[in-house]
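Chain letters run A, B, ... following the sequence lines, proteins first, then strands; residues in each count from 1.
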Protein chains: 2
Amino acid sequence: MEPTTTVREQILDHAITLIMLRGYNGFSYRDLSSLVGVKTSSIHYYFPSKDDLVLEAVNEYSKEVLNGLNAIGASLPADAKLSKYAKLFGRTLGDGNQICLCGMLAADIESLPDNIRQAVQAFFKANENWLAKVLAQGAQEHTLAVNGKPENAARALFAAFQGSVLASRLFHTKARLEDVEASVRIAR
Amino acid sequence: MEPTTTVREQILDHAITLIMLRGYNGFSYRDLSSLVGVKTSSIHYYFPSKDDLVLEAVNEYSKEVLNGLNAIGASLPADAKLSKYAKLFGRTLGDGNQICLCGMLAADIESLPDNIRQAVQAFFKANENWLAKVLAQGAQEHTLAVNGKPENAARALFAAFQGSVLASRLFHTKARLEDVEASVRIAR
DNA sequence: GTCTATAAACGGATAGAC
DNA sequence: GTCTATCCGTTTATAGAC
């Protein structure tokens, strides 16, 4: 009883993976065509333009990640929440390297229309707001090191997560993500 | 008495800007052709393949940034060094937004050959090593907040700088870079 | 919905004249 | 060194048959 995945869902799912792997300018309808097994013209049937496809990819990806955030128990201690966040961040690709779709599109942002920019901005803000609350909690519990206002520290921390997944892939190691978590966690 | 810039230098300079703006897959020999005012075949004369061009762009960019690092006085207090670093990091593009060429290529790394990957890795390591020394100094001087070993904190900090220039451009603001500096600076 | 066929522009790259 | 001319594959996208 496998859940039936529609062609549309398959296209979107492969598009998400390809964007995370090679970015907006690094994949084509032809790539998707060979992955899904339909002709490029069929892909245009579901997603008339590449920008339509990418916008839906951002929305789908955002929904998944934000659902993951909501699934992190609100009653947990702050440092435990942060650990779960670090694991959830991005999506593990084939070889174990992680990358965030919205971090990738932030790099490609000068090639993208404004509606996609807004969607990526919304993803950034949602993550930063969530992290700000965790940092505020962690400061109170004396488990996380917060310098300055939680809002500012959260933006810096989110940037560090984004940068660390780039470095993780560049060096073929997951250790970079752990460095970020360790940089705010207070040793006991 | 303007310093004469050769065609080769102009090509390389525009290539650096274009890579920072749109990434490896987001610019073409045609773009360079119209910017420099020579035909694409002339560009191939200087840089036989696109990968040759990008490798030289990385080397030139690295040289400039590393020269900038060396120009930061060794006798300065750590927090002053960090301020200078934040200003030097990346390169200011047309509208005031900053971006780092090697951060951009780290995003595109899956489209690039191994010799370019190694050059980008070298840039990351050089920056991380420099930051590790500054953090160690700052910990001693009690001006910078360092959690854990300086080497690990430096990798997290460099990642934060990389992520923050992406966010700065995404949101059209320089404030994100300042958040990173503030996140390690101890208020007095 | 999916296909074939095709358009029209763009991609990196090369040969050879000047 | 720089040009013209050209190769040939790729890219996004559309029209129309089934």
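One can place CG of A:Leu32 at 15 Å from C1' of D:dA13, the figure rounded to the nearest angstrom. Taking atom CG on B:Asn25 and atom C1' on D:dT12, their separation rounds to 16 Å, with Å as the unit. Separating the CD1 atom of A:Ile11 from the C1' atom of C:dG1 is a distance of 11 Å, rounded to the nearest angstrom.
Contact check, A:Tyr45 against D:dA13: no side-chain N or O comes under 4.0 Å of OP1 or OP2. Phosphate proximity of D:dG1 to B:Ser42: absent, as no side-chain N or O sits under 4.0 Å from OP1 or OP2.
Closest to the side chain of A:Lys39, out of C:dG1, D:dG1, C:dC3, is C:dC3.
The cationic group of B:Lys50 lies under 6.0 Å from the six-membered ring centre of B:Tyr24 and within 45° of the ring axis, placing it in a cation-pi geometry. The side-chain tip of A:Lys39 does not point at the ring of A:Tyr45 from less than 6.0 angstrom away and within 45° of straight on.
A:Tyr85 has its ring centre less than 6.0 Å from the ring centre of A:Phe161. Taking the six-membered ring for Trp and the full ring otherwise, the centers of A:Phe47 and A:Tyr29 sit at least 6.0 Å from each other.
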Sort me out a list of protein N/O and nucleotides 10-14 of chain C N/O pairs below 3.5 Å, or just none if empty.
residue: C:dC10; atom: OP2; partner: B:Arg30; partner atom: NH1; Å: 3.2
residue: C:dG11; atom: OP2; partner: B:Ser28; partner atom: OG; Å: 3.3
residue: C:dG12; atom: OP1; partner: B:Lys50; partner atom: NZ; Å: 2.9
residue: C:dG12; atom: OP2; partner: B:Tyr29; partner atom: N; Å: 3.1
residue: C:dA13; atom: OP2; partner: B:Lys50; partner atom: N; Å: 2.8
residue: C:dA13; atom: N7; partner: B:His44; partner atom: NE2; Å: 3.2

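For B:Gln140, the CD atom counts as loosely surrounded, since its 6.0 Å shell holds 12 or fewer non-hydrogen atoms of other residues, nucleotides or ligands.
B:Met104 and B:Leu101 fall into different hydrophobic clusters, defined by Ile, Leu, Val, Met, Phe, Trp and Tyr side-chain heavy atoms under 4.5 Å apart, directly or through other members.
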